[in-house]
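These numbers were taken from a predicted model, which means no experiment stands behind them. In what follows, chains carry the letters A, B, and so on, assigned in the order in which the sequence lines appear, proteins first and then strands, with residues in each chain numbered from 1.
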Amino acid sequence: MKKKFLVLCLAARSATAQDIGTGLMPDGSADTYVGASLRSSSPYLKGDARSISVVPVLHILCANGIFISSFGTAGWQLSDTPGVEYGPLFNSRNERAPTDSWQLAGTQRIRGTPDAGVFFNYALGDALWLRSGLTYDSNARGLAFSAGVQKTWARIAPHQNLTLSLGLSAANGQVMRQQYGVTSGDGNAPGPGDYLPNGGLASVNAGIDWNWAFNRNWLLNGGANVSHLGAAAADSPFISQPNLIRYSAGLAYRF
Amino acid sequence: MRFRSVLFCITLMAHGLAQAQAMVESDWVSYRDAYRQMIWFEKYGKPKQFLQSHYRVRLRDANGSTDGLRLTLDSKSAHLDLPLDAVGRAIFPFSKAAYDDNVQLTLNRKAGQFKFEPWVSIVSRTDGVYDAADLRVACEQMLAYLRYVGAAWVNGKACTGVQFAYAKNDSDAEVRFRKADHALQPLAVRDGPAFPGDAAGVFKTIAYRFAAFPEAGQIVTRSMPLAIAALIE
């Protein structure tokens with residue numbers, strides 16, 4: 001399967017690192033991480049095997065608050081108040097066609113038009129953050145929402161930190177039907193084998209992320225993420241299983 | 001299987017790097033990370049005239065020595081010494097060039113012994129005479145700043161005083177309260193850490209507790225203290 005699906009986008013994202021307030025770095029400077037990560041993911045489509053892939057790691061944070069992170073997320077952090085982050089957010093989308101694989105027959109075509117939204121993060125103290133995002137799905141013409149908490153232990157050992165996150169994502173009917181729906185025939189006339197979910201909970205997620213900085217340049221990262229799909233998503237005829245588990249290990253260089 | 005073997009390789013590599021690091025008895029922190037912590041005080045727009053900001057290294061526990069402690073700013077080409085005062089504070093050099101070069105701050109101690117922190121304290125006066133009202137404002141400024149940066153430990157706490165710290169062998173360590181009628185009352189001297197919450201360091205400390213004295217008056221010191229801490233309890 002060539003494409004990664006929306007489940008990754010809907011999953012709790014920690015795209016925005018802590019301390020990304022505007023004006024926290026010299027004008028014109030940027031903080032950039034580039035690397036690669038090995039990732040093992042549960043099968044998404046029924047009948048597929050567990051997949052292993054190498055994915056690029058990219059995280060750029062600019063002095064003016066603009067940030068870019070892997071998997072096509074970009075945003076602009078506009079707050080200059082400590083403990084509050086907000087701004088616009090853009091997510092690129094992978095295309096998906098019913099003809100991409102046999103499991104996807106009868107699904108809606110997803111065009112790769114980017115989604116736009118806003119994010120709002122609030123520090124509850126002691127490196128515990130409340131995170132949220134509301135996205136307009138420009139392709140399904142619907143709304144998706146995600147929220148969660150994230151806690152970082154800055155020093156579990158010298159130069160190592162650990163982050164735990166818990167979150168959920170929800171979407172309205174248009175987004176859920178485009179993502180998980182199946183219609184028989186040409187899609188115009190409803191049939192008995194149709195699956196047309198309503199809006200609601202898309203998934204609940206838990207993640208653990210570990211970082212180890214060897215020196216000012218090199219950083220090792222490991223993580224695991226479990227997504228439990230909401231009923232409307234998990235009941236989709238082409239979804240393999242309700243629990244999706246992803247492991248990753250990566251190395252990045254800080255420029 | 002492939003995933004596991006690559007993971008194993010990475011672990012081996014990490015192990016090797018960690019060993020190489022352990023052989024060098026030094027600890028480091030990214031200048032960029034330090035800069036992003038230190039810049040908050042510079043950007044802070046509320047009153048702060050009684051406060052000063054430093055970068056501080058302090059012992060995590062009482063076992064450890066600060067003798068010969070040296071903090072340097074290291075790039076590929078240059079080493080800049082950042083002199084530490086008696087309580088481990090250094091003046092932080094803000095530099096775009098250092099930020100862009102992704103340099104590091106190095107401490108000549110084994111990793112994990114010291115904490116690296118932005119540190120705000122109350123400014124000492126050269127004439128040694130402090131208005132009691134000014135010290136109350138100084139403590140309030142500190143509390144307001146700590147709340148601003150989201151220090152969770154100050155939640156529900158209030159300013160109760162300030163504390164002057166002197167070297168353990170300083171015979172001039174004397175602080176007195178001068179009442180409105182000019183009568184002088186010496187404040188008690190105790191041995192302890194320079195700042196509340198420090199795990200190590202023995203200094204002569206003299207606490208001026210607001211509640212124990214009239215509101216109007218002056219604090220008169222015989223010599224310049226090494227540091228003045230806010231007491232937030």
Side-chain angles (χ1 to χ4, degrees), chain A residues 17-33 36-41 50-54 61 63 80-84 122-129 154-161 212-222 247-251 253-255, chain B residues 1-11 13-14 16-18 20-22 24 27-33 35-40 42-45 60 74-75 94-106 110-116 145 147-155:
Chain A
Q18 200 184 334
D19 283 339
I20 63 168
T22 54
L24 291 184
M25 56 175 92
D27 283 348
S29 293
D31 207 5
T32 305
Y33 294 87
S37 181
L38 190 70
R39 168 183 287 194
S40 164
S41 309
R50 194 167 183 84
S51 68
I52 294 175
S53 53
V54 175
L61 175 60
D80 55 7
T81 306
V84 180
Y122 183 78
L124 299 167
D126 276 337
L128 179 66
W129 282 76
R155 186 194 166 274
I156 51 163
H159 308 125
Q160 295 179 45
N161 65 46
W212 185 5
F214 298 129
N215 55 42
R216 63 186 189 270
N217 294 122
W218 287 101
L219 186 88
L220 183 70
N221 170 273
Y247 306 102
S248 63
L251 197 62
Y253 187 86
R254 189 178 193 179
F255 286 93
Chain B
M1 276 323 286
R2 213 171 79 208
F3 181 72
R4 276 202 193 143
S5 53
V6 175
L7 207 62
F8 181 69
C9 284
I10 290 173
T11 313
M13 241 166 62
L17 272 165
Q21 214 170 37
V24 188
D27 203 357
W28 62 275
V29 69
S30 151
Y31 176 81
R32 284 183 184 172
D33 295 344
Y35 184 104
R36 294 216 305 243
Q37 292 180 310
M38 292 299 294
I39 198 74
W40 284 120
E42 309 304 310
K43 301 261 173 183
Y44 182 59
R60 285 184 184 278
D74 299 318
S75 65
F94 288 96
S95 154
K96 178 171 164 57
Y99 193 98
D100 291 342
D101 288 350
N102 191 20
V103 303
Q104 73 181 31
L105 295 156
T106 311
K110 209 164 76 184
Q113 271 193 325
F114 280 80
K115 287 185 193 177
F116 295 77
Y145 179 71
R147 289 214 172 106
Y148 175 77
V149 296
W153 68 270
V154 300
N155 288 342

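- From A:S248, atom OG reaches atom CG of A:N221 across 5.5 Å, with rounding to the nearest 0.5 Å.
- B:Y35 and B:F94 have their aromatic ring centers within a separation under 6.0 angstrom.
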Carefully, step by step, assess B:D27 and A:H159 under the rule side-chain hydrogen bond (donor to acceptor under 3.5 Å, both in side chains). CA-CA 9 Å; B:D27 203 357; A:H159 308 125; 3.1 Å; yes
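- Between chain A and the residues B:N102, B:N155, B:D100, the largest count of heavy-atom pairs under 4.5 Å involves B:N102.
- Among the candidates A:M25, A:R216, A:R254, the single residue satisfying the side-chain contact (heavy atoms from CB on, under 4.5 Å) test with B:R32 is A:R254.
- Under the 4.0 Å criterion applied to side-chain N and carboxylate O atoms, A:D27 and B:K96 are not assigned as salt-bridge partners.
- Residue contact with chain B, scored on non-hydrogen atoms closer than 4.5 Å, is absent for A:A157.
- Contact of B:Y99 with chain A is made through the side chain alone, with heavy-atom distances under 4.5 Å.
- Using a 4.5 Å cut-off between heavy atoms, B:R147 does not touch chain A at all.
- With a 4.5 Å cut-off on non-hydrogen atoms, A:P82 touches chain B through its backbone and its side chain both.
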